[in-house]
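For reference, the structure discussed in these notes is given below.
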Amino acid sequence: MSFICRFAPSPTGPLHIGGVRTALFNWLLAKKNKGKYFLRIEDTDKERSKEEFKKQIISSLEWLGIQHDDKEYIQSKNISKHIKIAEELIKNGFAYRCYCTEEEINEQKENCKKRGIPYVYNRKWRDAKDLNIPKNLQPVIRFKSKISGNTIIKDLVQGERNISNSTIEDFIILRKDKSPTYQLSATVDDHEMKITHVIRGDDHMINSFKQKQIYEAMGWKVPNFAHIPLIHSEKGKKLSKRDNAATLEDYMKIGIISDALRNYLLRLGWSYKDKEIFSKQESIDLFDLTGVGKSPSKLDISRIYSINETYIKTLDEKELFDHFKEYISKYKKKLEKSKEAQVFKSISFLKNKAKTLEDIWENSQYIINDKIDISEENKRLIDDLSKKIIIDFINECEKMKTFNREELESLIKSLINKHKTNFKGIGQPIRVGLTGSKFGPGIFDLILSLEKSDVIQRLKKII
RNA sequence: GGUCCCAUCGUCUAUCGGUUAGGACACAUGGUUUUCAUCCAUGAAAGAGGGGUUCGAUUCCCCUUGGGACCGCCA
């Protein structure tokens with residue numbers, strides 16, 4: 001059995017986190033089964049589709065490492081084919097022209113509302129042999145949906161789904177302006193692309209019943225469907241673009257690593273035993289639609305941070321630094337070469353207290369900025385004794401050729417003895433002097449991460 | 001309102017009729033540590049309710065309750 005999957009976003013906004021997961025699942029299933037994964041840009045909404053969003057979607061997926069096969073398909077390029085199919089459906093009695101005006105439809109809707117009954121298009125033109133065709137009205141084309149019986153879809157995630165055909169109205173497949181609607185375009189393109197597995201959000205379930213009828217009317221093979229549960233916001237509603245942290249960009253800009261986000265999304269609605277961390281290859285090997293749950297899952301930002309932290313802690317440091325450089329050049333600022341080397345040298349402890357790349361950026365500010373701001377409160381921590389100690393420390397440092405850990409350790413030890421203080425008594429003023437903060441890296445890491453001249457210069461400012 | 005769907009710790013989930021209901025995140029406490037962290041240990045925390053079926057139900061069925069999705073000439 002072959003596996004040809006696709007992700008089909010519309011370029012009407014930035015890539016949504018739910019869309020990312022849909023793409024991931026499609027990609028995973030295709031890769032696992034040595035099949036194909038295509039990207040199709042559904043840009044038939046001329047009003048809202050934007051070239052910039054198309055570009056953004058493609059680069060976002062690339063950032064995540066979800067690479068599509070072939071070049072991306074642009075749906076609008078296939079419109080003439082869609083129109084041809086609409087006409088073929090009419091010819092074969094599966095569709096018809098409807099001359100109802102929008103006013104007429106709205107009136108019907110109003111009426112239904114008043115009477116408290118659900119609106120369904122009244123199929124006025126379905127078998128309208130006797131009606132006079134208005135001369136100056138452009139018709140829409142509606143699909144002749146089945147009136148009786150039931151349609152069953154064996155959904156790979158949801159199981160068997162059964163719906164009464166009477167609940168599906170004669171939906172529009174070609175607009176008044178002769179442009180195809182989603183139901184038509186998606187079906188025709190999925191068929192043309194020989195898609196075998198349609199994995200999409202649960203909000204498309206009803207569409208599958210409609211589209212199945214088109215497949216059958218055309219005598220085409222119906223693909224497998226898998227409707228994955230939606231991702232909900234903290235409020236328990238379908239995640240919308242207005243929610244915080246709904247788009248991929250929201251995660252990129254706070255310094256989430258792509259592998260971490262991919263891992264989080266993988267485990268949202270899917271699981272494999274007690275396993276939490278999956279390499280890309282593991283996720284391909286282990287992924288399976290049968291492991292996908294049926295109920296929607298809430299987005300949990302603390303979990304994303306946690307997984308990201310795991311990646312930051314365990315990633316090869318060179319690789320981590322590459323992520324960091326990419327991140328800051330995009331969202332912060334590019335570092336000069338010398339600073340870059342200093343930060344890289346210190347990444348092993350800077351990453352220790354970081355959950356995100358942004359945290360590493362924050363933690364490395366004392367290296368990046370030559371000017372250190374010390375708050376009044378912290379200045380008060382440096383009392384006369386501290387100043388004496390620091391003067392001694394500076395003098396000893398100046399005697400050293402270069403810094404090394406052993407010498408620094410014995411120096412600090414001797415200063416503790418000499419001034420009858422403890423480690424904190426000497427460590428804290430040095431830390432404040434070098435970073436402006438009470439908190440930070442270990443004293444020796446801290447001193448060694450800066451140039452000797454820089455250490456002396458900074459400390460001289462506080463005595 | 002109509003149609004369809006879902007239901008295990010706060011969150012993500014494991015369990016495929018017999019378990020002290022497991023793990024992870026978050027939370028709390030303790031330990032390691034020169035600070036903040038890290039790290040380690042420990043703890044608290046769940047089968048929505050009611051009926052069946054069964055020797056036995058979290059697991060199968062029904063009802064109730066709660067939640068969600070869809071109901072566009074958007075996709």
Side-chain angles (χ1 to χ4, degrees), chain A residues 8-13 19 42-45 47-49 75 98 100 102 105 109 112-113 115-120 138-142 155 158-159 161-164 166-169 171-183 185-186 200-207 209 227 229-230 232 234 236-238 264 267-277 290-291 293-307 309-310 313 349 351-355 359 363 381 412 416 421-428 430-432 435 437-444 446:
Chain A
S10 59
T12 54
E42 304 214 325
D43 57 344
T44 52
D45 183 340
E47 300 279 297
R48 297 195 297 149
S49 293
Q75 187 159 63
C98 164
C100 289
E102 280 176 63
I105 299 282
K109 284 185 184 171
C112 290
K113 215 173 174 181
R115 290 161 58 196
I117 55 170
Y119 163 76
V120 183
Q138 277 300 321
V140 297
I141 297 181
R142 287 182 184 268
D155 191 283
Q158 305 292 333
R161 287 287 137 101
N162 190 335
I163 200 173
S164 165
S166 61
T167 61
I168 297 174
E169 69 166 5
F171 52 92
I172 292 168
I173 55 176
L174 210 66
R175 301 186 184 94
K176 198 161 54 183
D177 66 1
K178 294 196 163 60
S179 65
T181 66
Y182 166 73
Q183 307 292 3
S185 297
R200 61 197 354 177
D202 200 15
D203 48 345
H204 281 287
M205 193 70 222
I206 299 287
N207 293 330
F209 288 100
H227 292 88
L230 300 176
H232 280 178
E234 288 94 333
K237 303 263 191 240
K238 176 178 168 181
Y264 172 75
R267 277 288 283 96
L268 195 63
W270 178 84
S271 63
Y272 178 79
K273 298 182 180 170
D274 279 343
K275 199 168 163 58
E276 300 286 349
I277 301 294
T290 58
K294 286 187 185 183
S295 45
S297 24
K298 276 183 197 161
L299 207 60
D300 180 6
I301 190 74
S302 72
R303 183 62 159 265
I304 298 177
Y305 280 121
S306 166
I307 294 181
E309 188 179 10
T310 301
K313 299 269 157 61
F349 61 87
K351 75 177 183 183
N352 236 337
K353 43 205 311 172
K355 286 189 192 312
D359 290 343
N363 294 344
L381 292 170
I412 298 269
I416 289 172
T421 182
N422 56 18
F423 201 105
K424 194 179 176 184
I426 177 159
Q428 192 166 61
I430 291 178
R431 180 175 293 106
V432 169
T435 69
S437 168
K438 278 190 285 184
F439 316 123
I443 286 300
F444 300 111
L446 181 54

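Reminder, nothing fancy here: chain letters follow the sequence lines and each chain counts from 1.
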Do Asn207(A) and Gln183(A) have a side chain donor and acceptor closer than 3.5 Å? yes
(request) Look at atom NZ of Lys275(A) and say whether more than 12 heavy atoms of other residues, nucleotides or ligands are closer to it than 6.0 Å. (result) yes
Exercise. What integer number of Å spans the P atoms of U53(B) and U15(B)?
Worked result: 28 Å
Checking C73(B), C70(B), C25(B) against the side chain of Val140(A) (C-beta onward), the nearest is C73(B)
Its contact letters, B for base, S for sugar-phosphate only and - for none at protein heavy atoms under 4.0 Å, make nucleotides 9-19 of chain B read --SBSS-----
In whole angstroms, the gap separating C1' of C39(B) from NZ of Lys313(A) amounts to 9 Å
The ring pair (Phe, Tyr, Trp, His ring centres under 6.0 Å) partners of His204(A) (sequence neighbours excluded) come to Tyr182(A)
**Q.** Sugar-phosphate only, base, or nothing, as touched by Ile206(A) at under 4.0 Å among non-hydrogen atoms
**A.** sugar-phosphate
TODO: Determine the Euclidean distance between corresponding P atoms of U38(B) and C27(B); express it in Å to zero decimal places.
DONE: 10 Å
Rounded to whole Å, CE of Met205(A) lies from C1' of A69(B) at a distance of 11 Å
Of the candidates A26(B), U35(B), C4(B), the side chain of Arg161(A) sits closest to C4(B)
Evaluate the side-chain proximity of Leu268(A) to Leu299(A): yes if any heavy-atom separation is below 4.5 Å, no if none is.
yes
Taken to the nearest whole Å, CG/Leu446(A) to C1'/A37(B) is 14 Å
Which of U35(B), C73(B), U3(B) is nearest the side chain of Arg431(A)? It is U35(B)
Side-chain donor-acceptor contact under 3.5 Å, Arg431(A) with Thr435(A): no
When rounded to whole Å, the CG to P distance for the pair Asp202(A) and G67(B) reads 18 Å
- Task: Considering just the side-chain nitrogens and oxygens of Lys294(A), establish if one lies under 4.0 Å of OP1 or OP2 belonging to C6(B).
- Result: yes
### Message
What's the gap between A45(B) and G10(B) when it is taken at their P atoms, as a whole Å value?
### Response
11 Å
Of the listed A26(B), C5(B), U3(B), the closest approach to the Ile163(A) side chain comes from U3(B)
Atom CZ of Arg48(A) and atom C1' of C73(B) are separated, to the nearest Å, by 13 Å
Q | Side-chain touch Asp177(A)/Gln138(A), heavy atoms, less than 4.5 angstrom | A | no
Original post:
U65(B) and C12(B): how far apart are their C1' atoms, nearest whole angstrom?
Top reply: 24 Å
**Message:** Looking at Tyr305(A), I'd like to know if its OH atom is crowded, meaning that more than 12 non-hydrogen atoms belonging to other residues, nucleotides or ligands lie closer than 6.0 Å.
**Reply:** no
Answer for the Watson-Crick or wobble partner of U65(B), both distances under 3.5 Å, is A7(B)
Checklist entry - So, Tyr264(A) side chain and Ile301(A) main chain: donor-acceptor pair closer than 3.5 Å or not? => result no
Contact class for Gly236(A) vs. all strands (heavy atom < 4.0 Å): base, sugar-phosphate, or nothing? sugar-phosphate
Quick note, Phe423(A) side chain, CB onward, closest among C5(B), U34(B), A69(B) is U34(B)
Walk me through it: do His227(A) and Arg200(A) pass the test side-chain contact (heavy atoms from CB on, under 4.5 Å)?
CA-CA 5 Å; His227(A) 292 88; Arg200(A) 61 197 354 177; 3.2 Å; yes
In whole angstroms, the gap separating C1' of A37(B) from CZ of Phe439(A) amounts to 10 Å
- Message: Categorize Ile443(A) for me: base, sugar-phosphate, or nothing, with a 4.0 angstrom heavy-atom threshold over every strand shown.
- Response: base
field: Test item: Arg303(A) and Arg267(A) side chains (from C-beta on) under 4.5 Å apart, heavy atoms
entry: yes
Base, sugar-phosphate or nothing for Pro9(A)? Non-hydrogen atoms, less than 4.0 Å.
nothing
In Watson-Crick or G-U wobble terms, with both distances under 3.5 Å, the base opposite G1(B) is C71(B)
Counting primed atoms, P, OP1 and OP2 as sugar-phosphate and everything else as base, the B/S/- map of nucleotides 59-64 of chain B against protein heavy atoms under 4.0 Å is ------
Taking a pair to mean Watson-Crick or G-U wobble geometry with both distances below 3.5 Å, A41(B) pairs with U29(B)
query: Which whole number of Å gives the distance between the C1' atom of A46(B) and that of C25(B)?
result: 16 Å
Whole-Å distance, Arg200(A) CZ to C70(B) P, equals 13 Å
message: By the 4.0 Å heavy-atom rule, please label Thr44(A) as base, sugar-phosphate, or nothing.
response: sugar-phosphate
Identify whether any heavy atom of Lys238(A) sits under 4.0 Å from a base atom; if not, whether one sits that close to sugar-phosphate; answer base, sugar-phosphate or nothing.
sugar-phosphate
Spacing of the C1' atoms in G47(B) and C16(B) (rounded, Å): 16 Å
message = Categorize Asn207(A) for me: base, sugar-phosphate, or nothing, with a 4.0 angstrom heavy-atom threshold over every strand shown.
response = base
Is it the case that atom NZ in Lys313(A) sees more than 12 heavy atoms from other parts of the structure closer than 6.0 Å? yes
- Query: Side chains of Gln158(A) and Asp202(A): closer than 4.5 Å at any heavy-atom pair?
  - Reply: yes
Here the distance between atom C1' of G67(B) and atom NZ of Lys237(A), to the nearest Å, is 8 Å
field: Between C73(B) and G50(B) - P atom distance, rounded Å
entry: 46 Å
Nearest-nucleotide check on RNA chain B, His232(A) vs Lys424(A); residue mapping nearer the 5' end is Lys424(A)
**Atom C1', compared across A7(B) and U59(B): separation rounded to whole Å** = 13 Å
